[in-house]
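Taking it in order: structure first as structure tokens, then the write-up.
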Amino acid sequence: MEPSEKNTLTKLLAQLNAAQRDAVEFCDGPSLVIAGAGSGKTRVLTYKIAYLLEQGLPPYYILALTFTNKAAKEMKSRVSDLVGEKKARQVWMGTFHSIFSRILRNEAESIGFDSNFTIFDASDSHNLVRLIIKDMKLDDKVYRPGSVHHCISMAKNSLITPAMYEQNAEIREYDRKIKQPLIFEIYRRYQERLRAANSMDFDDLLMFTNILFRDHPDILENYRNRFQYILVDEYQDTNFAQHLIVKQLAEVHHRVFVVGDDAQSIYSFRGANIDNILKFKSSYPEAQVFKLEQNYRSTQNIVNAANSLIKKNVGQISKNVFSKQEEGEKIEVISAFSDFEEGVIIANKIARMRVEDHVSYGNFAILYRTNAQSRIFEESLRKKNIPYRIYGGLSFYQRKEIKDIIGYFRLIINPQDEEAFRRIINYPARGIGDVTVNKISDAAQIHNTGMWEVLSDPLRYDLNVNSGTLKKLSDFRALIRHFIDQNEKLNAFELAQEVIKKTGIAGETYQDMTPEGMSRAENIQELLNAMNIFVAQRQEEGNDDIRLSDFLQEVSLLTDQDTDGNSDLERVTLMTVHSAKGLEFDHVFVAGLEEDLFPVAMAKNEMRGLEEERRLFYVAITRAKKTCTLTYAKSRFRNGRLSSTQKSRFLSDIDHTFLSSESDAIFVAHAEREDGFWGSLRRKREEDTVNRSQTPLYNFQNEKLSPVTQTSSGSLSKEADELCKGDIIEHERFGRGVVSEIESAGSDKRAFVDFDSVGRKQLLLKFAKFKIVK
DNA sequence: CACGCTCAGTTTTTT
DNA sequence: ACTGAGCGTG
């Protein structure tokens with residue numbers, strides 16, 4: 001080993017504690033790291049990758065899997081800091097779903113898919129299930145689409161195909177017991193329809209990866225050889241399908257490094273199997289186990305309180321999480337009269353701490369069990385002019401107007417996509433109603449083909465519609481065909497503009513002067529912006545030909561959780577406890593600690609469910625670094641009704657020595673309540689002002705599409721902002737050029753630059769990597 | 001076929 | 001409270 005390399009290795013290891021170092025240094029076989037909350041889990045993962053790279057393992061031999069894009073992004077940037085961006089970029093780092101969708105697109109033919117397959121999101125899946133239930137003339141009160149889809153999802157996560165499902169006596173017996181004996185049939189049809197639509201749902205991405213590996217040993221062999229080192233974050237959240245993928249890929253080199261905390265397993269509803277981590281040793285008998293027990297995040301009081309809570313669970317890996325930080329303040333429990341008052345109390349407390357303790361807004365988080373609770377905090381914070389940011393809830397890409405446009409995109413890329421077809425065939429209204437759509441659907445099913453095929457050749461499939469309708473259909477077909485042609489020539493952004501214009505969406509939306517209409521128009525504009533930036537950014541990276549399909553692939557696996565949170569130093573964070581996993585804040589409020597809310601009503605009948613809720617509460621408390629405040633309300637609006645509540649049993653699970661004596665809220669806020677007409681009118685107006693102001697509190701921006709947005713707003717853009725016409729610049733990729741024009745559209749300034757080598761290019765100043773020469 | 005009205009449900013959490 | 005599905009009318 002070269003001396004310099006050795007030096008870097010030593011330096012890397014010197015920044016770790018003994019337990020972390022042991023874990024990083026052990027590279028000869030499978031290893032499991034049990035990482036207590038706040039014990040430096042991400043640190044170990046990133047240093048491990050750096051360590052491997054420094055030892056000379058080529059980056060493209062390393063596979064690092066996470067659950068969220070956010071975690072992947074975080075890891076990427078931290079590895080970048082350690083070993084440089086160039087190497088870090090080559091590591092296969094991403095979520096299970098994104099990595100394996102990439103692999104599936106490469107290998108699509110082997111499993112009978114086209115590589116441009118669509119990825120169905122949860123609501124697409126839900127719709128399809130509902131459609132099938134209707135087709136089968138089943139009662140959707142008995143066969144609730146949501147629960148049926150859940151069953152299907154669980155089956156897929158356990159790698160049970162429709163055929164296996166049908167033959168599995170135990171499952172069938174269970175279905176009979178819950179009076180839904182035909183789920184197997186729905187599952188079968190669902191899977192057929194997905195395939196006919198050249199589409200996969202989220203679960204398919206994992207199931208078909210397994211099918212691919214099962215049926216094509218040569219392909220498996222290829223990836224097995226490539227991935228010499230596999231790292232998995234949040235291993236306690238893996239399901240069987242994920243576990244098996246990892247196991248198979250690790251078969252040759254036997255070098256898996258999984259990190260997790262059984263006490264933070266909170267995704268069983270999604271098929272996560274806590275046994276994967278509890279029984280890691282039986283899957284990999286020669287595995288080494290490392291425990292990280294020192295918590296660097298929180299005060300002793302917080303750690304101890306959390307420990308006392310989690311002790312009430314049975315069946316966990318024993319560990320002794322401890323903190324060497326100061327003892328800190330006790331956890332405060334506050335009761336409020338109502339959910340409304342709970343909001344006011346928290347808002348007041350934040351405002352007070354900001355002034356008295358000089359805490360900036362970004363160091364506060366309000367965590368809750370359900371998204372529905374966010375509304376009340378929005379109100380109370382807004383009233384006190386406290387800036388906040390909500391994560392989760394309806395994501396940008398789930399908004400109707402956005403999904404409609406995405407529907408066009410999907411159909412252009414994959415005309416087999418039935419869900420998209422149905423969504424847009426009559427949007428904007430073009431006189432093709434349900435009757436016609438059903439006829440097309442029936443014809444497609446009879447002839448065992450897709451709806452697009454029927455549309456393409458209505459006569460051949462005996463489509464029984466009148467000539468007027470026929471004309472409308474052929475117009476629609478021509479429209480989509482036109483876009484498909486354009487897709488050959490235009491980039492994603494240009495094509496999107498074309499779609500919005502030619503379909504009449506632009507005309508329709510921009511004319512609508514109602515507040516809702518204007519907000520829709522803004523959202524569409526936002527989408528276009530995002531796409532423009534997406535294209536510009538890729539061009540910066542050296543890809544000139546950015547097609548719609550590239551954008552679509554990115555977007556379908558993106559979620560709200562992926563927005564860049566930590567950049568917002570001046571906003572209070574509002575999110576569900578689930579979303580907060582992996583994050584930390586100085587001051588945390590956990591709200592709604594009431595029976596049937598936290599723990600949620602559904603969970604309390606079963607031991608398993610209750611323990612998961614308790615782990616969830618554990619996750620919530622351990623997000624806090626300095627203070628943690630628990631609140632509950634004695635009454636709460638639920639489903640439009642005011643109901644009285646009981647305080648959560650979890651509060652008494654915490655050892656009282658770590659709690660400050662419970663305080664009833666002193667009278668705070670009854671008078672402030674704005675009920676009735678005037679109240680709601682005023683609220684409405686406030687909303688409007690907020691939405692229209694220059695700095696909206698709730699702002700999607702384009703961050704969700706741009707992994708490097710934040711970094712580029714540093715020193716570069718300050719110079720770039722001052723760029724003028726006539727300046728000469730040196731661009732990282734295009735070389736020398738003269739600025740011929742500056743154009744600013746809102747916050748996005750762009751420059752037209754004539755480059756010596758490549759001619760005129762458009763640069764988005766936000767992203768462009770260049771120096772001003774003169 | 002589109003639009004507007006009424007009525008019912010609402011299983012948390014998310015890739 | 002709110003949304004979305006279903007139904008009747010123009």
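Proteins get letters first, then strands, A, B, ... in listed order; numbering begins at 1 in each.
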Given atom [atom1] of [X] and atom [atom2] of [N], what is their separation to the nearest angstrom?
{"X": "D233(A)", "N": "dT15(B)", "atom1": "CG", "atom2": "P", "answer": "14 Å"}
{"X": "K141(A)", "N": "dA8(B)", "atom1": "NZ", "atom2": "P", "answer": "10 Å"}
{"X": "L597(A)", "N": "dT10(B)", "atom1": "CG", "atom2": "P", "answer": "18 Å"}
{"X": "Y143(A)", "N": "dT11(B)", "atom1": "OH", "atom2": "P", "answer": "22 Å"}
{"X": "E606(A)", "N": "dT11(B)", "atom1": "CD", "atom2": "C1'", "answer": "13 Å"}
{"X": "Y267(A)", "N": "dT14(B)", "atom1": "OH", "atom2": "C1'", "answer": "6 Å"}
{"X": "I178(A)", "N": "dT11(B)", "atom1": "CD1", "atom2": "P", "answer": "18 Å"}
{"X": "Q373(A)", "N": "dC2(C)", "atom1": "CD", "atom2": "C1'", "answer": "17 Å"}

Report yes or no: is the ring centroid of F269(A) under 5.5 Å from the six-membered base ring centroid of dT14(B), with the two planes under 30 degrees? no
In short, T503(A) meets P428(A) closest at the heavy-atom pair O-CG, 3.4 Å
The side chain of [X] is closest to which nucleotide in this list: [options]?
{"X": "N371(A)", "options": "dT13(B), dA2(B), dC2(C)", "answer": "dT13(B)"}
{"X": "R270(A)", "options": "dT15(B), dA2(B), dC1(B)", "answer": "dT15(B)"}
{"X": "K400(A)", "options": "dT15(B), dG4(C), dT13(B)", "answer": "dG4(C)"}
{"X": "T370(A)", "options": "dT13(B), dC1(B), dT15(B)", "answer": "dT13(B)"}
{"X": "H97(A)", "options": "dA2(B), dT11(B), dT15(B)", "answer": "dT15(B)"}
{"X": "R144(A)", "options": "dT10(B), dT14(B), dA2(B)", "answer": "dT10(B)"}
{"X": "S147(A)", "options": "dC1(B), dT11(B), dA2(B)", "answer": "dT11(B)"}

Quick test of your reading of the model: are [X] and [Y] salt-bridged, counting only N-O distances below 4.0 Å?
{"X": "D475(A)", "Y": "K471(A)", "value": "yes"}
{"X": "K403(A)", "Y": "D124(A)", "value": "yes"}
{"X": "R615(A)", "Y": "E612(A)", "value": "yes"}

Between E613(A) and G431(A), which has a closest nucleotide on DNA chain B that is more 5'? G431(A)
Find which nucleotide of DNA chain B each of D434(A) and A601(A) is nearest to by heavy atoms, and output the residue with the more 5' nucleotide. D434(A)
Near D434(A) CG, under 6.0 Å, is it more than 12 heavy atoms from other residues, nucleotides or ligands? no
With a sphere of 6.0 Å drawn around NZ of K604(A), does it hold more than 12 non-hydrogen atoms of other residues, nucleotides or ligands? yes
Intermediate values then yes/no, side-chain contact (heavy atoms from CB on, under 4.5 Å), C151(A) and Q180(A): CA-CA 11 Å; C151(A) 288; Q180(A) 290 165 266; 5.9 Å; no
Would you say [X] places a side-chain N or O within less than 4.0 Å of OP1 or OP2 belonging to [N]?
{"X": "S579(A)", "N": "dT14(B)", "value": "yes"}
{"X": "K134(A)", "N": "dG6(C)", "value": "yes"}
{"X": "T68(A)", "N": "dT14(B)", "value": "no"}
{"X": "R430(A)", "N": "dA2(B)", "value": "no"}
{"X": "N157(A)", "N": "dT15(B)", "value": "no"}

Could you tell me whether [X] contacts a base, only the sugar-phosphate backbone, or nothing, with contacts defined as non-hydrogen atoms closer than 4.0 Å?
{"X": "R615(A)", "answer": "nothing"}
{"X": "T436(A)", "answer": "sugar-phosphate"}
{"X": "N426(A)", "answer": "sugar-phosphate"}
{"X": "V435(A)", "answer": "sugar-phosphate"}

Using the C1' atom on both, measure dG4(C) against dT13(B) and round to a whole Å. 22 Å
